[in-house]
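Since we're looking at a predicted model, the values are computed, not measured.
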Amino acid sequence: WLVPRSVMRAVERAAGGRFVIGSVSLRFPFTTTLTALYLAGNSEAFAFSVQRVTVKPRWCWLPMRTVWLDTLEFEQPLLRLSRTPAGTVIWPAVQLLVGPETGEPSAPEAAAAPVPWTIHVGSIKVTDGVVEFLDHKTARPFHGALDHLSVDLGPATIQPGILLAPTPSEGGLGTSFA
């Protein structure tokens, strides 16, 4: 029971306490499943939640602060955003604390921020997702949704402030979108 709690705390710390996690399970060898994960500030105007996130790691190299993940799977994610009558788009503000902020540090503790990690992901899978858009600016409010959305993407590398995908091979893009 100790490891899942520490994983839960690590994810909440990385997200600045902005996420709530229902439960965590750990399977050999270090496959981690987070269930009922959602953004703490969800509202009718914006929301982000995932029914299940499964992380299957390959290995970690501590001296270079690099993590290799075989797969990162998101099951039944929901992303809701809206546009107000004034025309402002309300989007969930999610900023993972994995790297230094842009610009100069404004506080002494910001200068002592840890060196960011690089994450390599072999495959990112999103299954049965929903993207919902509420538009209140139009004369008649519009509510649209992409439902049962699935995406398979990979490999990808996430470095501080950068998301990299390799150039497509001759065999295809390595990405599917349904």
Side-chain angles (χ1 to χ4, degrees), residues 1-60 67-84 89-99 116-136 141-160 162-165 173-178:
W1 59 271
L2 244 184
V3 174
R5 276 189 188 277
S6 65
V7 171
M8 189 180 307
R9 281 194 300 268
V11 171
E12 289 174 343
R13 194 176 320 118
R18 295 183 187 107
F19 282 98
V20 176
I21 303 166
S23 66
V24 177
S25 65
L26 187 65
R27 290 184 314 247
F28 182 81
F30 304 114
T31 296
T32 305
T33 302
L34 310 171
T35 55
L37 181 121
Y38 63 92
L39 194 60
N42 280 352
S43 70
E44 289 295 319
F46 70 90
F48 178 76
S49 65
V50 182
Q51 184 60 38
R52 181 181 328 237
V53 178
T54 304
V55 180
K56 296 179 183 174
R58 183 179 298 167
W59 62 291
C60 177
V67 174
W68 278 265
L69 303 176
D70 276 335
T71 59
L72 187 55
E73 300 174 5
F74 298 89
E75 296 177 34
Q76 297 179 333
L78 165 72
L79 173 65
R80 179 187 312 129
L81 55 115
S82 62
R83 186 166 69 157
T84 66
V89 175
I90 300 174
W91 183 272
V94 177
Q95 179 181 3
L96 295 180
L97 305 175
V98 295
W117 285 72
T118 297
I119 302 170
H120 299 278
V121 183
S123 175
I124 300 170
K125 296 179 181 179
V126 178
T127 307
D128 201 17
V130 176
V131 177
E132 195 173 22
F133 182 66
L134 306 170
D135 192 355
H136 298 285
F142 170 77
H143 179 194
L146 290 174
D147 199 354
H148 303 293
L149 181 70
S150 298
V151 177
D152 193 359
L153 169 73
T157 300
I158 304 164
Q159 293 177 335
I162 304 169
L163 174 62
L164 304 170
L173 294 175
T175 303
S176 70
F177 178 76

Do the non-hydrogen side-chain atoms of Glu73 and Lys56 ever get within less than 4.5 Å of each other?
yes

Shortest non-hydrogen pair, Arg80 vs Glu44, comes out as CD-O, 3.3 Å

Atom CG of Leu72 and atom OG1 of Thr54: how far apart are they, to the nearest 0.5 Å?
9.0 Å

Spacing of CD belonging to Gln76 relative to OG1 belonging to Thr35, to within rounding of 0.5 Å
12.0 Å

Looking only at non-hydrogen atoms, find the nearest pair between Pro29 and Pro57 and report the distance.
O-CG, 4.2 Å

The reported gap from CG in Leu153 to NZ in Lys125 (rounded to nearest 0.5 angstrom) is 11.5 Å

Indicate yes or no: at least one non-hydrogen side-chain atom of Leu149 is less than 4.5 angstrom from one of Val126.
no

Could you go through Val151 and Ile124, starting from their C-alpha distance and side-chain angles, then the distance that decides it, and tell me whether this counts as side-chain contact (heavy atoms from CB on, under 4.5 Å)?
CA-CA 8 Å; Val151 177; Ile124 300 170; over 6 Å; no

Is there a side-chain contact between Leu78 and Phe48 (heavy atoms, below 4.5 Å)?
no

Identify the heavy atoms of Pro77 and Thr127 that sit nearest to each other, and give their distance.
CD-O, 3.6 Å

Non-hydrogen side-chain atoms of His143 and Glu132 separated by less than 4.5 Å
yes

Do you know the tightest heavy-atom contact between Ile90 and Leu81?
O-CB, 3.3 Å

Using side-chain heavy atoms (C-beta onward) and a distance below 4.5 Å, is Leu39 in contact with Phe46?
yes

Does atom CZ of Phe133 have more than 12 heavy-atom neighbours, drawn from other residues, nucleotides or ligands, at distances under 6.0 Å?
yes

Looking just at side-chain N and O atoms, do Ser123 and Thr71 make a donor-acceptor pair shorter than 3.5 Å?
no

Roughly how far apart are Leu26 CG and Thr31 OG1, rounded to 0.5 Å?
7.5 Å

Please tell me whether Thr84 and His136 have a donor and an acceptor in their side chains that are separated by less than 3.5 angstrom.
no

Any chance you could measure Asp70, atom CG, to Trp59, atom CH2, to the nearest 0.5 Å?
12.0 Å

Would you compute the distance between atom CG of Leu146 and atom CG of Leu79 and round it to the nearest 0.5 angstrom?
10.5 Å

Kindly give the heavy-atom pair with the smallest separation between Ala45 and Ser82, and that separation in Å.
O-OG, 2.9 Å

Closest contact, heavy atoms only, Tyr38 versus Asn42
CB-ND2, 3.8 Å

